[in-house]
Amino acid sequence: MEGNNFTDEELSSDMEFDLDPCFINTKYECLRPTPLKPKYNQCLVELLEVIEHARELNGEERNALSYRHAIAALKAYPRNIESYAEARKIIGIGPKIGNHIKEFLTTGTIPEAEEINASEKYQTLDIFSRVYGVGYKTARKWYQKGYKSIRECMKDPYLTHVQRLGLELFDDFQKKMSRQDIQEILDILNKVIKTMYPDCMITPVGGYRRGKEFSGDLDVVVSHPQETVANNLLKDIVEILINKGHLKHKLFYGQPSAKNKKDVPSELISSHKNIMDNLDKCFCAFIQPSTRICRQVDLIIAPYSQYPTTVLGWTGSKQFERSIRNFAKKEKKMTFASHGLFLNVVPRRRVCVTSEKDVFDILGIPWVEPEMRNC
DNA sequence: ACTCAAACGTA
DNA sequence: TACGTT
DNA sequence: GAGT
Ligand SMILES: Cc1cn([C@H]2C[C@H](O)[C@@H](COP(=O)(O)OP(=O)(O)OP(=O)(O)O)O2)c(=O)[nH]c1=O
Ligand SMILES: [Mg+2]
């Protein structure tokens, strides 16, 4: 080892290339806090999100996932990335994304992201895919047919019922909701529901719970301590909302009876499903009184025993949910879903939880506030 | 070479 | 099964 | 696209 005379500096740390020691370098985003509005790497994140979205529009889900891993890491990183070497040490940043970052560090932008932003094709696909009921396949189909605007899409002869609704509601659904908009609707839901079921629990989840200033929709979990009462909960709530003129449309209404019209005389099946582990959902277009704008409201009914997991499952972010499920499976031989936490032995066993924090504790994950689940 | 979350809806 | 949504 |  002669000839080497490392200084302390070289041996221990080098700001240019070492990761910040505060950063939790992991492939499981749920293990570290991720703020809604990071102080660092904002511009870089924005550009990578452009590429991520383009991959989604192309149906390249796995590539999109890789970009999301990298984006989530950069959002959680406690200082600006200053070198390629530093970036490459982050789990989830490999050669491709590393090179994008290298370009960003020298030029201040990422050429591929710029090209995507300038591309009429992606602009059009982006608009079409925002229609409720339209995914990347349909967006691509419409683009190939030569459609350029929502107006032209409305004339398509093969629209499904849901797509027709989505196109009708397009302008309203594009408008983001402020927290005050959401509060207004929550007040109504609280009044209407509590009048009929005073003991009902009503919890706003989704981006609103994570602290987002503006949300695309309102997600609400509703439950009731007496599970027998909870049976007709969704039906009753939707009925009242319709009677009071609050609902314009039901985008879909997950009720056990509608399905199962195949072989079995399904009264038993449907009631069985209902009492057991299935959450009912109604995604609806809710007329906001003060503005008359139609807002997407997702009502989720949970059996009381599944209330904590349902709230955890619907608070998000999407990447937080994917990561906690992946962690449960790979590291704990468990399965997490919004209807419960399960131990994957034979036979599979439900692990009872009484709070959101219970799930973190059982999985051995340090508690993460909802506002820090923005991965 | 395999994995990447997991559930539920319509047509 | 394909495609959609959370 | 990246980790194992
Ligand atoms: C889209 C999506 C959401 N979810 C969960 C986590 C989300 O926070 C929750 C609500 O979904 P969304 O309402 O689609 O997302 P959001 O509330 O986080 O953001 P916004 O409404 O402002 O667009 O459902 C999944 O588990 N998987 C998914 O693919
Ligand atoms: Mg939401």
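Throughout, a chain's letter reflects where its sequence line sits, starting with A, and its residues are numbered from 1.
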Which part of the nucleic acid, if any, lies within reach of [X] when heavy atoms closer than 4.0 Å are counted: base, sugar-phosphate only, or nothing?
X      : value
A:H161 : sugar-phosphate
A:E52  : nothing
A:V131 : sugar-phosphate
A:L251 : nothing
A:I97  : sugar-phosphate
A:S323 : nothing
A:K329 : sugar-phosphate

Donor-acceptor contact present, side-chain [X] to main-chain [Y], <3.5 Å:
X      : Y      : result
A:N80  : A:N41  : yes
A:S215 : A:L218 : no
A:R350 : A:L341 : no

Less than 6.0 angstrom from the centroid, inside 45 degrees of the normal: does A:R373 satisfy that with respect to the ring of A:F320? yes
Taking 4.0 Å as the cut-off, does a side-chain nitrogen or oxygen of [X] come that near to OP1 or OP2 on [N]?
X      : N     : result
A:R62  : D:dG3 : no
A:Q296 : C:dT6 : yes
A:R325 : B:dA5 : no
A:K330 : B:dC4 : yes
A:R55  : D:dG1 : yes
A:K96  : D:dG1 : yes

Figure out the [atom1]/[atom2] separation between [X] and [N], and round it to whole Å.
X      : N     : atom1 : atom2 : answer
A:W142 : C:dG4 : CH2   : P     : 10 Å
A:L167 : C:dG4 : CG    : P     : 13 Å
A:L312 : B:dA5 : CG    : C1'   : 13 Å
A:R322 : D:dA2 : CZ    : P     : 16 Å
A:L341 : B:dA7 : CG    : P     : 12 Å
A:F320 : B:dC4 : CZ    : C1'   : 18 Å
A:N63  : B:dT3 : CG    : P     : 17 Å
A:I51  : D:dA2 : CD1   : P     : 11 Å

Where the side chain of [X] is concerned, which of [options] is the nearest nucleotide?
X      : options             : result
A:D298 : D:dT4, C:dC3, C:dT6 : C:dT6
A:D219 : C:dT6, D:dG1, B:dC8 : C:dT6
A:R348 : D:dA2, B:dA5, B:dA7 : B:dA7
A:F283 : B:dA7, B:dA5, C:dT6 : C:dT6
A:A337 : D:dT4, B:dA7, D:dG1 : B:dA7
A:Y136 : B:dA5, B:dA7, C:dG4 : C:dG4

Tell me whether A:Y67 shares a hydrophobic cluster with A:Y136, the cluster being built from Ile, Leu, Val, Met, Phe, Trp, Tyr side chains joined at under 4.5 Å.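 Different clusters: A:Y67 never reaches A:Y136 through Ile, Leu, Val, Met, Phe, Trp or Tyr contacts under 4.5 Å.
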Common cluster, A:V131/A:Y158, ILVMFWY with side-chain heavy-atom separation under 4.5 Å: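 Unlinked, A:V131 and A:Y158 end up in two clusters.
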Distance between the P atoms of B:dA6 and D:dA2, in whole angstroms?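 Each nucleotide's P atom is 23 Å from the other's.
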Rounded P spacing from C:dT6 to B:dC4 in Å: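 About 23 Å, rounded to a whole number of Å.
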Would you mind telling me which residue lines up with the more 5' stretch of DNA chain B, A:L65 or A:V162, judged by nearest nucleotide?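 The residue closer to the strand's 5' end, by nearest nucleotide, is A:L65.
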Please say whether more than 12 non-hydrogen atoms of neighbouring residues, nucleotides or ligands are located less than 6.0 Å from CZ in A:R179. yes
